[in-house]
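A short write-up of the structure that comes next.
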There are 2 protein chains.
Amino acid sequence: MSTTRTPSGPQDFTREGGSTMIGARLRRLSERIDGDAGRIYAESGIAFEQRWMAPMRLLSLHGPLSVREIAAALGISHASVSQARLSLHKARLISWTTDPTDARSRKLHLTASGRRMVERLAPIWSALMAAAIELDAEAEGTVAALERLDRALQRSSLYDRASAHLRRQTRA
Amino acid sequence: MSTTRTPSGPQDFTREGGSTMIGARLRRLSERIDGDAGRIYAESGIAFEQRWMAPMRLLSLHGPLSVREIAAALGISHASVSQARLSLHKARLISWTTDPTDARSRKLHLTASGRRMVERLAPIWSALMAAAIELDAEAEGTVAALERLDRALQRSSLYDRASAHLRRQTRA
DNA sequence: GGTATATGCGTAGGCACCTACGCATGTCAA
DNA sequence: TTGACATGCGTAGGTGCCTACGCATATACC
């Protein structure tokens with residue numbers, strides 16, 4: 001490090017800045033974890049996108065499911081599921097049929113190849129699960145902390161909170 | 001919700017899947033927080049990218065700084081800083097000079113317009129900071145939990161942990 | 001039956017980062 | 001001085017989501 005090193009240090013600076021501090025750290029940790037998982041697949045010689053894991057697991061346990069159902073189960077937007085659907089289809093891991101009760105809806109299911117992939121990935125997923133549990137324990141409750149954050153945001157979003165503070169400032 | 005609702009429920013499913021469970025939640029929370037912050041700027045009629053906040057604050061406190069120094073201070077890649085630099089420049093918020101002691105390096109600084117923007121945004125940043133602190137308290141230690149996770153990952157990455165579990169499986 | 005509203009989901013563009021690669025410059029050792 | 005290695009950073013492509021928009025279909029109500 002050069003002599004022009006910031007006085008507060010790299011970690012200390014991310015401690016400042018409010019929402020950036022939380023949002024940025026969340027994102028960076030997420031990128032790190034996604035990257036690590038991706039490396040496990042790559043090392044095993046398997047062309048696999050990390051974002052495929054949750055929908056594939058869900059379909060193997062509970063399929064067939066519609067885009068909306070998958071989105072709801074995973075807590076993500078239907079648009080994300082729709083986009084993942086295309087890449088999963090291209091990889092021949094899923095296919096779909098039109099829902100006979102609703103022409104707007106499609107029921108996604110694993111292909112035979114998709115089911116084989118799920119079986120092939122079972123040891124890797126099991127290892128990733130074990131690693132995550134170990135990590136959670138070592139970090140003393142990451143998942144619980146994220147749930148508490150989630151609930152706090154549901155009670156009142158960062159937007160609502162910041163808006164309230166801004167109004168208070170305006171009035172002071 | 002339709003009758004084909006997954007038996008384990010949306011929140012329950014993200015509880016499964018190991019690294020996905022942590023990585024995906026981190027990302028989603030990060031998106032939510034970034035989105036909320038973006039809304040505050042937009043509502044104030046200010047065209048501002050959330051990713052500009054940290055570098056601009058840093059430059060206002062400690063500038064001028066090189067791409068590498070900013071990256072180190074913020075804990076992100078130089079490539080990210082380099083990319084943000086272009087958009088910040090386009091918005092006339094920063095400019096740079098070549099470092100006289102190292103021809104490869106450029107020293108970024110806020111423009112006059114950038115300094116005015118920092119002043120203009122001070123109340124918003126202050127509100128976002130207050131909101132984040134409130135959120136952290138209400139969620140009972142988000143930042144502390146993220147730090148513990150960060151340290152746990154530094155001790156041993158998810159990749160290393162999962163690899164070890166895979167080797168254990170292979171031997172069992 | 002007709003109209004207004006709700007719902008499912010595809011598509012486009014965007015976000016804030018990442019890694020990989022490569023060029024230019026700086027440093028160090030022989 | 002020269003060659004090997006390190007460092008700064010630009011560029012490209014990619015990640016896994018997001019929101020906005022819009023079309024088609026379903027539902028509710030009069």
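Just so we're clear, the structure is a prediction, and the values are computed from it rather than from any experiment. Throughout, a chain's letter reflects where its sequence line sits, starting with A, and its residues are numbered from 1.
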Which listed nucleotide ([options]) is nearest to the side chain of [X]?
X: A:S66; options: C:dC17, C:dC9, D:dC9; result: C:dC9
X: A:L86; options: D:dG10, D:dC18, C:dT11; result: C:dT11
X: A:S82; options: C:dT11, D:dC9, C:dG8; result: C:dT11
X: B:R51; options: C:dC17, C:dT11, D:dG16; result: C:dC17
X: A:A103; options: C:dC18, C:dC9, D:dA26; result: D:dA26

D:dC17 base to A:Q83 side chain: any donor-acceptor pair below 3.5 Å?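 Indeed, a donor on one side and an acceptor on the other fall under 3.5 Å apart.
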Heavy-atom donor-acceptor pair, A:R104 side-chain to D:dA24 base, under 3.5 Å: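 It does not, because no donor-acceptor pair links the side chain of A:R104 to the base of D:dA24 below 3.5 Å.
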For [X], answer base if it contacts any base atom (sugar-phosphate contacts may also be present), sugar-phosphate if it contacts only those atoms, and nothing otherwise; contact means non-hydrogen atoms under 4.0 Å.
X: A:S105; value: sugar-phosphate
X: A:S77; value: base
X: A:D99; value: nothing
X: B:E49; value: sugar-phosphate
X: A:R32; value: nothing
X: A:A84; value: nothing
X: A:S30; value: nothing

Can you tell me if A:R155 has over 12 outside heavy atoms packed within less than 6.0 Å of its CZ?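 More than 12 within 6.0 Å, yes.
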Rounded to whole Å, please give me the gap between [atom1] in [X] and [atom2] in [N].
X: A:R28; N: C:dT19; atom1: CZ; atom2: C1'; answer: 16 Å
X: B:I94; N: D:dC9; atom1: CD1; atom2: P; answer: 12 Å
X: B:F48; N: C:dG14; atom1: CZ; atom2: P; answer: 19 Å
X: B:I33; N: D:dC18; atom1: CD1; atom2: P; answer: 14 Å
X: A:H78; N: D:dC21; atom1: NE2; atom2: C1'; answer: 10 Å
X: B:R68; N: D:dG8; atom1: CZ; atom2: P; answer: 4 Å
X: A:W96; N: C:dG10; atom1: CH2; atom2: C1'; answer: 11 Å
X: B:Y41; N: C:dA16; atom1: OH; atom2: P; answer: 10 Å

Would one find a side-chain N or O of A:R106 under 4.0 angstrom from OP1 or OP2 of C:dG10?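 Affirmative; the distance criterion is met.
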Does OP1 or OP2 of D:dG16 have a side-chain N or O of A:S80 closer than 4.0 Å?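 So the side chain of A:S80 is outside the cut-off, no N or O lying under 4.0 Å from OP1 or OP2 of D:dG16.
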Do NZ/NE/NH1/NH2 and the carboxylate oxygens of A:R32 and B:D150 come within less than 4.0 Å?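 Salt bridge present between A:R32 and B:D150.
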Check ion pair B:D36-A:R161 (N to O, under 4.0 angstrom):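 Salt bridge absent between B:D36 and A:R161.
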Using the closest heavy atom to pick a nucleotide of DNA chain C for each, name whichever of A:A79 or B:R27 lands nearer the 5' end.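 Per heavy-atom nearest nucleotide, the more 5' residue is A:A79.
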Hey, any chance A:I40 and A:I46 share a hydrophobic cluster, counting ILVMFWY side chains that come within less than 4.5 Å of each other, even indirectly?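 Yes, A:I40 connects to A:I46 through the hydrophobic network.
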Supply the atom-to-atom distance A:L29 CG to B:L29 CG, rounded to the nearest 0.5 angstrom.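 Answer rounded to 0.5 Å: 11.5 Å.
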Considering non-hydrogen atoms only, spot the tightest contact between A:I94 and A:T111 and give its length.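 Heavy atoms only, the tightest pair is C-CG2, 3.5 Å.
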